[in-house]
Amino acid sequence: MAGPGNGPLTEIYDRLYAAYGPQRWWPGNSEFEIIAGAILTQSAAWSNVERALANLKAAGAISPQGIAALSEGELAELIRPSGYYNAKARKLKAFVRLLGERAGRDLERLLALPSAELRTLLLATHGIGPETADAILLYAAGRPVFVIDAYTRRTFSRLGLSPEIDSYASWQRQFSESLPPDAKIFNEYHALIVRHGKEVCRKRPLCHACPLSVICPTGVAAGVA
């Protein structure tokens, strides 16, 4: 995929894409599965989320109707592998309630709402914060909304590219103002950042294996560049 314009964020994108290739995110066979995954992945490894989603599929519950038909306790047991399962059961139930109240459980209708309205509704829903809301907007609704997560903050702080104010909105603004509003680019970029953060730019970075080391102050300081 061609780089998104010019500037340092474009160079970083190009280097990550050259190193890792297309990520084909988000894993999921339907918009609802993507949304469920976005909620379940909070504070959880994706391998554990996959086990929880597999349990929901086996129970025929990977749909708004399926979630609604389960008691909170039954749902919690199915998603136990994802951790914090009681809390996440409440979050899934809250999303399904939102869907019922605002769109008659018609997910396409909900996802068709204007981005600002949809984001406001999601943020007002129990258990959905900015990162989860934006993941839903980007990956389920296909909106050009950049998702900010811990991997983004860590990697770009080490690159010397953190905003003056360390807030979610400031981080998001930095990306939105530097890149064209293209959902496909935002999708790929965020997925590449996650891949890089998991494999290389860890809490203890593997600078010797980093495709960004030559432009990263942390890599330069480590004597890798």
**Study point:** Test side chain to side chain contact (heavy atoms under 4.5 Å, CB included) applied to E74 and S71, step by step
**Key:** CA-CA 5 Å; E74 290 170 332; S71 70; 3.1 Å; yes

Exercise for review: Please name the pair of heavy atoms, one in A52 and one in S82, separated by the smallest distance, quoted to 0.1 Å.
Suggested key: CB-CB, 4.0 Å

Exercise for review: Side-chain contact test, heavy atoms from C-beta onward, threshold under 4.5 Å: evaluate it for L99 versus L107 and give yes or no.
Suggested key: yes

Revision key, fill the gap. The salt bridge (charged side-chain N to carboxylate O under 4.0 Å, His left out) partners of K57 (sequence neighbours excluded) come to E33

Review point. Between F175 and Y13, does the ring centroid distance fall short of 6.0 Å?
Key: no

Practice item. Run the numbers on F95 and T132 for side chain to side chain contact (heavy atoms under 4.5 Å, CB included), then give the verdict. Key: CA-CA 12 Å; F95 176 78; T132 302; over 6 Å; no

Review point. Can you list the residues that meet the side chain to side chain contact (heavy atoms under 4.5 Å, CB included) rule with E50, with sequence neighbours excluded?
Key: W46

Point to revise | Nearest-0.5 Å distance that lies between atom OG1 in T155 and atom CG in L16 | key: 8.0 Å

Practice item. Assess whether salt bridge (Lys or Arg N to Asp or Glu O under 4.0 Å) is satisfied between R195 and E199, documenting all intermediate values. Key: CA-CA 6 Å; R195 170 86 178 267; E199 296 185 2; 2.6 Å; yes

Check your understanding: Between A76 and Y85, which heavy-atom pair has the shortest distance, and what is it?
Key -> O-CB, 3.4 Å

Point to revise | Partners meeting side chain to side chain donor-acceptor pair (under 3.5 Å) with R51 (sequence neighbours left out) | key: N48

Check your understanding: side chain to side chain contact (heavy atoms under 4.5 Å, CB included) with L92: which of L70, L78, L40?
Key -> L40

Review point. Between I128 and K91, is any pair of side-chain heavy atoms under 4.5 Å apart?
Key: no

**Study point:** Common cluster, L206/I12, ILVMFWY with side-chain heavy-atom separation under 4.5 Å
**Key:** yes

Review point. Taking only residues at least two apart or on different chains, which pairs with a member in residues 106-115 satisfy side chain to side chain donor-acceptor pair (under 3.5 Å)?
Key: S115-R143

Exercise for review: Applying side chain to side chain donor-acceptor pair (under 3.5 Å), run through N187 and Q23 and close with a yes or a no.
Suggested key: CA-CA 9 Å; N187 178 321; Q23 300 302 293; over 6 Å; no

Practice item. Would you please classify the geometry between the H190 ring and the W25 ring as parallel, tilted or perpendicular, with 30° and 60° separating the classes? Key: perpendicular

Point to revise | G219 versus C207, closest heavy-atom pair with distance | key: CA-SG, 4.1 Å

Revision key, fill the gap. Scanning both residues in full, the closest heavy-atom pair of L161 with P8 reads CD1-CB, 4.4 Å

Review point. What residues form a side chain to side chain donor-acceptor pair (under 3.5 Å) with W26, not counting sequence neighbours?
Key: none

Exercise for review: State whether a side-chain donor-acceptor pair under 3.5 Å links S170 with E164.
Suggested key: no

Point to revise | T125 side chain vs L121 backbone, donor-acceptor pair below 3.5 Å | key: yes

Practice item. Run the salt-bridge test on R15 and E11 with the 4.0 Å N-O cut-off and return the result as yes or no. Key: yes

Review point. When rounded to the nearest 0.5 angstrom, what is the spacing between CD1 in I67 and CG in L56?
Key: 5.0 Å

Exercise for review: Look at atom CD of E117 and say whether more than 12 heavy atoms of other residues, nucleotides or ligands are closer to it than 6.0 Å.
Suggested key: yes

Practice item. Work out which heavy atom in Q42 is nearest to a heavy atom in K88; give both atom names and the distance. Key: O-NZ, 2.7 Å

Practice item. Measure the shortest side-chain to side-chain distance between H126 and K93 over non-hydrogen atoms and say whether it is less than 4.5 angstrom. Key: no

Exercise for review: Please tell me if the side chains of C210 and V200 come closer than 4.5 Å, counting only heavy atoms from C-beta onward.
Suggested key: yes

**Study point:** Euclidean distance, L118 CG relative to I136 CD1, rounded to 0.5 Å
**Key:** 8.0 Å

**Study point:** Polar side chain donor-acceptor pair, N86 to E72, under 3.5 angstrom
**Key:** no

Exercise for review: Applying side chain to side chain contact (heavy atoms under 4.5 Å, CB included), run through I148 and R153 and close with a yes or a no.
Suggested key: CA-CA 7 Å; I148 303 299; R153 292 173 185 261; 4.2 Å; yes

Check your understanding: What is the distance from atom OG of S162 to atom CD of Q174, rounded to the nearest 0.5 Å?
Key -> 7.5 Å

Point to revise | From CA spacing to verdict: side chain to side chain contact (heavy atoms under 4.5 Å, CB included), V147, F186 | key: CA-CA 8 Å; V147 180; F186 286 9; over 6 Å; no

Review point. Atom OG1 of T218 and atom CG of L159: how far apart are they, to the nearest 0.5 Å?
Key: 7.0 Å

Point to revise | salt bridge (charged side-chain N to carboxylate O under 4.0 Å, His left out) partners for E77, two or more places apart | key: R80

Check your understanding: Do the side chains of Q172 and D134 get nearer than 4.5 Å, heavy atoms only?
Key -> yes

Point to revise | Check: R154 side chain, C201 main-chain N or O, donor-acceptor pair, under 3.5 Å | key: yes

Revision key, fill the gap. Heavy-atom closest pair (L53 atom, G37 atom, distance to 0.1 Å) is CD2-N, 4.3 Å

Review point. Taking a hydrophobic cluster as the set of Ile, Leu, Val, Met, Phe, Trp and Tyr residues connected by side-chain heavy atoms closer than 4.5 Å, whether directly or through intermediates, do V214 and I193 fall within one such cluster?
Key: yes

Review point. Does the side chain of F156 reach to within under 4.5 Å of the side chain of P163, using non-hydrogen atoms?
Key: no

**Study point:** Joint hydrophobic cluster, L75 plus Y84, side-chain heavy atoms closer than 4.5 Å
**Key:** no

**Study point:** E188/K184 salt bridge by N-O under 4.0 Å criterion
**Key:** no

Point to revise | Nearest-0.5 Å distance that lies between atom CZ in F146 and atom OG in S178 | key: 10.0 Å

**Study point:** Linked, directly or transitively: L123 and Y139 (ILVMFWY side chains, under 4.5 Å)
**Key:** no

Review point. Taking atom types as modelled and ignoring hydrogens, do the side chains of H196 and Y151 form a donor-acceptor contact shorter than 3.5 angstrom?
Key: no

